[in-house]
Each structure stands twice: as structure tokens, then as C-alpha cells.
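Report on the following structure.
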Amino acid sequence: MTANIDNADVQTLAEGADCRAPVSGATDHRTAPWRDPTLAPEARADALIAAMTLPEKISQLFGVWVGASDEGAEVAPFQHDVAEAVALDDLLPYGLGQLTRPFGTAPVDPAVGALSLSRTQERIAGANRFGIPALAHEECLAGFATWGATAYPVPLSWGAAFDPELVREMAAAIGRDMRSVGVHQGLAPVLDVVRDARWGRVEETIGEDPYLVGTIATAYVRGLESAGVVATLKHFAGYSASRAGRNLAPVGMGARERADVILTPFEMAVRESGVRSVMHAYTDTDGVPSAADGPLLTGLLRETWGFEGTVVADYFGIAFLKTLHGVAGTFGEAAGAALGAGVDVELPTVKAFGRPLTDAITAGVVPEALVDRAVRRVLVQKAQLGLLDANWTPVPPVFTEAAGAGGGGGGFAGGTADALRGTVRLDTDENRALARRVAEQAVVLLRNDGTLPLAVDTAAGAPGRIALIGPNADAPTAVLGCYAFPVHVGSQHPETSLGIELPTLRQALAAEFPRSEIVAAHGADIDGIATGGFGEAVELARGADLVIAALGDRAGLFGRGTSGEGCDAESLALPGVQQQLLDTLLDTGVPVVVTLLAGRPYALGRAVDEAAAVVQSFFPGEEGTTAIASVLSGRTEPSGRLPVSVPRHPGSQPSTYLAARLGHFSDVSSVDPSPAFGFGHGLAYTSFEWSGLVVEHGRAPTDGEFTLSCTVRNTGAREGTEVFQVYLHDPVASVVQPVQRLIGYVRLGLAPGRAARVRVTVPADLASFTGRDGDRIVEPGDLELRLSASSTDVRLAARVTLTGPVRTVDHTRRLHTSLATEILTDAP
């Protein structure tokens with residue numbers, strides 16, 4: 001984020017928006033205890049609650065969906081077809097809990113949006129007698145979802161990068177941009193573990209393994225929270241396990257799958273990240289909706305795990321208890337069920353927590369104590385954010401900090417929108433460079449017969465003509481997921497520019513291979529059935545030295561795309577006639593490099609064995625095509641690994657590598673769920689040798705740990721990265737276990753000939769699972785630790801043994817394998 005703001009102009013706005021003095025309906029409470037930042041947030045909240053009326057308390061428990069004004073005026077309520085119109089004038093005298101998506105509802109210049117939000121906050125604080133502003137939240141699933149902000153790769157690409165520290169760095173940058181313009185909370189990350197890749201929201205997930213999801217999501221939370229933005233874990237819990245991969249379908253999993261797969265990432269994030277908010281899931285599990293699940297939202301989350309933040313509703317989720325789930329007869333009953341279960345804030349706008357909740361409390365149906373419990377959590381968080389401080393100001397940091405740093409230029413000129421427009425930049429060079437690093441590390445080379453990397457210089461054998469064929473060849477938004485602003489909101493405003501540069505794959509290839517002629521053909525639409533473009537595609541292919549097939553998805557919402565929320569798939573065949581197009585290109589005999597810009601894995605048919613190369617990317621963001629081109633040329637070494645398995649057959653779903661023995665191929669079924677490329681798979685342009693396995697401690701008590709080590713050497717001629725993965729196989733257990741599961745990983749970057757010694761320490765706690773009586777236990781017996789390049793490529797294996805009695809463990813157990821690496825100094 002950069003800004004060009006003048007000091008004097010900041011002072012002008014600050015003086016005009018000073019909420020330290022009472023305004024309108026506000027009472028002067030500047031010396032009240034809740035205004036004192038030296039007191040504990042809990043004490044401040046308690047003092048404030050004691051002074052509030054019931055309507056004032058309830059007003060803190062809901063948001064209003066608004067859109068910032070592109071003229072700098074106050075925000076306007078956003079009318080949604082699921083909710084009635086909201087009259088702010090009627091609500092604000094009592095206060096307001098949250099502002100929903102002021103930047104993410106319609107395109108607005110960031111500086112002007114910040115001005116609009118600041119004026120709105122001034123009005124909100126001035127209208128209620130305690131001077132309390134609202135907490136503003138936004139989506140940030142692949143970057144701050146607003147016009148002109150950096151579009152980073154989607155979470156599935158974060159998983160493909162296998163690099164928590166890089167994800168933490170990215171999240172911190174996202175958080176700084178959000179906080180700079182006055183946003184307090186981000187609705188990310190998604191911790192849903194993929195159970196069926198047909199689900200449209202796979203692109204929003206981190207992968208199909210709970211350990212990978214947990215470690216990457218925890219890193220994201222740490223980054224966002226480091227910038228002062230409240231992160232929100234979602235969707236708690238089980239949303240991704242819906243039947244047949246249909247969005248918001250019922251979930252029928254058992255208690256052990258829920259505990260050992262679905263809940264594990266949430267548990268890690270709550271314990272280790274400092275997260276301050278959780279969003280309930282839409283779905284029901286075995287008939288109990290998450291929004292009304294007290295044992296989940298209160299018993300497990302708070303009483304067992306010790307979570308102290310806020311639980312917010314997924315949009316309209318409380319009303320859905322009545323309208324979709326049928327467990328409440330009225331909206332008042334829905335409000336009582338949600339509050340009782342532990343939901344604190346209704347989003348995106350007021351419905352059940354408005355008049356229906358007030359009436360239910362007045363009638364004695366819902367205890368007021370539930371409101372007190374929820375509002376205390378909300379006010380503690382507002383105190384932590386500085387929103388109750390006596391010196392709080394609505395002027396966002398982007399203005400005050402830029403002026404303090406000596407920024408000059410256009411400035412406010414009295415706080416007018418025209419003077420501010422263009423002064424705040426949310427897509428900086430630094431952001432783009434970071435987005436490019438994430439995208440580069442997330443590109444996965446699935447197959448390569450030696451065609452890649454492609455030479456760039458003619459003398460080195462650069463292809464004279466490259467035929468780029470496919471529906472994603474020239475599509476700027478092909479790199480974006482459904483929550484990226486140009487897709488999520490911008491698609492409804494075609495008159496507005498994208499707000500960021502989105503080089504197409506054709507443009508990126510032309511820049512990467514300047515000595516090659518790039519010719520392009522559409523071939524087919526993403527999800528169309530017409531094959532009329534095949535002729536031109538074949539003609540171009542036959543006249544080229546190389547074909548690059550640009551295939552994949554179009555992100556959208558609720559059926560407007562082939563991937564995204566509400567865009568579920570009947571099978572994992574490439575959408576439309578893309579598989580036919582790909583087969584037609586393979587038939588030409590010209591080498592075909594398949595490039596995928598997609599939101600989920602797809603079966604690739606003959607290309608698995610016949611393509612010259614297959615390059616997988618999962619909506620890699622604004623720098624994604626540049627990253628792909630750099631991998632094709634070898635300027636960037638491929639280092640991504642699959643966070644989800646790529647199926648061999650399109651109809652063998654649901655399947656996941658994290659399956660028990662009966663979930664794998666056998667002679668008793670004609671359906672083969674074996675993947676074409678397994679979880680964790682990814683090639684490099686070099687080779688690695690794993691050797692020297694030493695088991696230092698192969699026997700340990702059920703409260704002990706194992707230690708082993710090995711050497712990984714780059715035996716090729718190029719620098720490269722191996723992703724060292726540790727899997728646990730439990731051959732005999734008292735309940736059925738997955739054949740193997742990931743318990744640790746680390747990226748190893750090695751120069752040619754160089755080696756690293758990796759020392760692996762595995763706590764016995766990682767062998768724990770939910771037993772027959774519902775307790776988590778560690779059983780004695782033999783285990784196998786697999787040191788692997790992927791779930792389908794075991795390089796070294798060690799048989800180890802746990803001794804002693806069965807041991808019961810809880811949420812305080814150890815969660816991580818320790819992987820200590822030492823680069824060896826022997827000459828290459």
C-alpha cells in the first residue's frame with residue numbers, strides 16, 4: 001500500500017471527524033472506565049455492558065451490509081435479495097456491531113472508499129450515546145477483495161507451495177493493506193479439508209490433508225493478525241464433506257472422521273495462531289446445523305480448546321436455521337438457538353438478531369444472559385482494536401501514517417473525493433513481487449518427457465513457432481478465483497476497469513519467449529459444447545514446433561462459472577469439450593504441453609501418458625501467467641507439489657489419498673479411484689537421491705518420540721527444490737485408519753551436487769487417533785514412518801515400535817514432527 005497524502009490535509013480531516021467529543025446523540029463518556037486503555041479489555045467491556053440497555057447491547061451483535069460511496073459520502077446499505085431493506089437511521093441511535101464489506105460491495109477507489117468509511121464511522125460513533133464505532137470486515141481469501149488491490153493466488157495454491165513462512169508473509173501484506181484503509185476483520189482463511197473435489201469451493205481450500213491445511217492456515221492467521229486484522233477461521237465445521245460435493249448439502253460423516261480429519265486444522269489454528277474469530281459452517285452434520293451446535297461452538301471450541309474470540313455467522317446462516325434447516329419455527333427461535341449454541345454476531349446484515357431476538361427476550365423465550373455473553377466478547381474485541389479508546393479517530397491509518405512520513409502531493413483539499421482519488425495504491429510493486437513468488441512456488445510440474453524447460457534463445461533450440469490453443473489462452477481473469485474482486489464483484493460492473501494488470505498467458509509467453517512466434521486459437525469455450533473451433537486449432541498446431549494447451553476453469557458464483565461457490569461439478573472431466581480438444585491436439589503428433597489454470601484437479605485422459613508435459617496451477621493470481629511462463633522456460637525451477645490428488649478417471653469420486661484400505665483400488669469393485677498423480681507429487685528439472693537412513697530411536701513409549709535421519713542430494717545439473725514429506729502408516733489399530741497420512745514436511749533448496757542431512761523427530765502423539773469410545777488415544781504397536789517425495793513415492797521407510805500402555809491424549813498433545821536440516825559441506 002502506498003499513499004500520497006499531505007500533512008495539512010490529514011489534519012483537516014481529523015479535525016472534521018474527531019469522535020473524542022460527543023456528537024449528536026452521543027454522551028460525553030471520555031473518562032468512563034471503558035475508555036481507559038490501561039484497563040483490561042474484559043474490565044472495560046463489563047463496565048460498558050453495565051451501562052447499556054437491551055437494545056444497545058443487541059445492536060452490537062449484528063452487521064449491516066453496506067457499500068462505500070465512490071463520491072466519498074457515507075456508505076449506503078446494500079440491498080440483497082435474501083434480506084429486507086435496512087434503515088440505518090433507525091438502527092444507529094443504539095449503535096452498530098459491524099459494517100459488512102464497505103470496500104467489497106462495488107468498485108470504489110481505495111482512497112475515496114477510506115474517506116467514505118471514515119465519514120460513516122464518524123456518523124455511527126456520533127449517533128449512539130457511548131460513541132462506539134463499528135467493526136468493518138472484508139473478504140481476503142486471495143487478497144483484500146476490493147477494487148485495485150493485489151490478487152494473490154487462491155488458497156489451493158498456498159497448499160501447493162508447501163511453504164508456511166511465505167504464506168505468513170503474504171497474509172501480513174494483505175492485512176497491512178486492509179488495516180490501512182480502516183478494515184478490522186478479514187473473513188479468511190478456509191480450513192475445510194477437501195473430501196470431494198467436485199465441490200465448487202475446492203479452490204478456496206488449502207488441500208485434502210489436515211496437517212497441510214492446519215500448518216498453512218495457521219501461518220496465514222499469524223500474518224493477518226500481525227497486521228492488526230482479526231482473522232476468521234471458516235467454515236466450522238464439516239462444510240467440505242457435503243454429500244456428492246454439492247454446495248450446502250447435508251453432511252453425513254461419523255464422529256471419528258470429523259474429529260481426526262475435519263477438526264484437526266481448526267484445533268491447530270486455535271492453539272497456535274492467536275486467531276480471534278471463527279465462522280460457523282452452513283451445513284448440518286447428521287442432522288445438527290453448525291449454527292445451532294452448542295457442543296461444537298461452545299463445548300469444544302471454547303470449553304475444551306480455550307478459544308476466547310468471537311463466533312460470527314456465515315452470511316444469512318442464522319436465518320437458514322428457519323428457512324433451510326427447519327430446526328426453528330420463527331426467526332426469534334433461530335436467534336435463540338444460535339445465541340445459545342455460541343454464535344455472537346449475525347452477518348452480513350440484521351435479520352434474526354433484530355426485532356425477532358428482542359421480542360423473544362421480552363417474551364422470556366431467550367434469556368438476556370445470552371446477549372450479555374455475546375456482547376461481552378464483541379466489546380472485548382473492540383477494546384483490543386482500540387475502538388473504545390477515548391482518543392479513537394475515524395481517520396484511517398493510510399492517511400495519518402502517510403502524512404506522518406512526510407507524504408506530499410494531491411492530498412485532501414478539504415477531504416473531497418476528487419482530491420483523494422488515485423492517492424492510495426493497494427497493488428504495489430512489492431505486493432506484485434510477493435504475489436509472483438507465491439505463484440512461482442505453487443506451479444506444479446506433473447509430467448515431463450524432457451521437453452521442458454524450453455529454450456529461450458534461438459541458438460539453444462528455442463521453438464520457432466508455439467501454438468497456444470485453448471479457452472484460457474487470452475483470458476485475463478483466468479488466473480483468478482471466485483473471491484478475487486474482478487470476478488466476485490467486478491464481473492457485475494463491466495463498465496469499470498479491472499483495477500489491476502492481469503497479463504494473459506499469451507502475453508506472458510510472448511514476453512518470456514521473444515524469439516518464438518506465438519500463434520493462438522481459442523479452440524473451444526470453457527464449458528461450451530461447440531467444436532467448431534477445432535479445425536483452426538489443429539491447423540495452427542500442425543504448423544507449430546510445440547503446442548501449449550491452455551485449459552481449465554472459469555471462476556464464478558452460483559453457476560456462473562465452472563469453479564467457485566455454488567459451481568459444483570458432476571464429474572472431474574475437464575469442463576465442456578476441453579478433453580476432446582486436448583485429444584485432438586495430441587492426435588496431431590506435435591508435442592503438447594498442457595497448462596491448467598483451474599480451481600480443482602481434473603482427470604486428463606490420454607494426456608497423463610501422452611502429453612510432452614503437464615503443468616498444473618490453481619488460480620495463481622495476477623502474476624500467475626508470468627510464473628507459468630518462467631517455469632516453462634526454466635527461469636524458475638518448478639517446486640510446487642499437489643495439495644490434492646489428480647484423478648485418473650473423472651467419475652471415481654469422492655476419493656482422497658487420505659483413505660482407508662477399502663478406499664483404495666481392489667478386485668472387488670470395477671471402479672478404480674487410484675490417482676494419476678498423488679497428493680504431494682511434483683517434478684523438478686533435476687533429480688534427487690535419498691540415502692543414509694539411520695534410525696536413532698526406533699522404540700519409544702506411548703508418551704515418547706522417534707528419531708531418524710537421512711541424506712537428500714541433488715544429483716542433477718540444475719538447482720532444485722525437493723519437498724521432503726513424512727507420512728505415518730499404522731498397519732494394525734483398534735479402529736480403521738487411513739493407509740497413510742502426512743505428519744511433516746519441509747522444502748529443501750539444493751544446488752547441483754549439494755546435499756542436506758534431515759533429522760526427523762516424531763512424537764508418539766502424532767500416532768494418536770479417536771478410539772472406539774470417542775477418546776483420542778495412542779496405542780502400542782508397530783508403525784511405519786515413510787520418508788517420501790509424495791504420497792505415491794516413498795523413498796525410505798522405517799519400522800518403529802510404540803511400547804507401554806494405551807495412552808489417552810487431549811488438545812494439549814504435540815502436533816508437529818520436528819524436521820531439522822543441515823546443508824552438508826562436502827564438495828559437489
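These figures come from a predicted structure and were not determined experimentally.
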Open item on the list: Less than 3.5 Å apart, any donor N or O on the side chain of R776 or S768 sitting next to an acceptor on the other?
Closed with: yes
Open item on the list: Any salt bridge linking E267 with R813? Criterion: basic side-chain nitrogen under 4.0 Å from a carboxylate oxygen.
Closed with: yes
Task: Residues E139 and K234 bridged, charged N to O under 4.0 Å - done: yes
TODO: State, without any angle test, whether T770 and D260 hold a side-chain donor-acceptor pair at a distance under 3.5 Å.
DONE: yes
Open item on the list: Any carboxylate oxygen within less than 4.0 angstrom of a Lys/Arg side-chain nitrogen, looking at D765 and R807?
Closed with: yes
Open item on the list: Less than 3.5 Å apart, any donor N or O on the side chain of D730 or Q737 sitting next to an acceptor on the other?
Closed with: no
Task: Donor-acceptor contact below 3.5 Å, side chain H664 vs main chain A659 - done: yes
TODO: Verify the distance criterion only: is there a donor paired with an acceptor across the side chains of E225 and S273 at less than 3.5 Å?
DONE: no
Task: E203 side chain to Y483 side chain, donor-acceptor N/O pair below 3.5 angstrom - done: no
Task: Quiz item: cation-pi between K351 and F316, 6.0 Å / 45° - done: no
- [ ] Go through the side-chain N and O atoms of S791 and Q740 and say whether any donor and acceptor fall under 3.5 Å apart.
- [x] no
Open item on the list: Check for me whether the distance between the ring centres of Y239 and W199 falls short of 6.0 Å.
Closed with: yes
Task: Modelled atom types, side-chain donor and acceptor of H816 and E272, under 3.5 Å - done: yes
- [ ] Answer with yes or no after comparing the ring centroid distance for Y657 and F679 against a 6.0 Å cut-off, counting only values under it.
- [x] yes
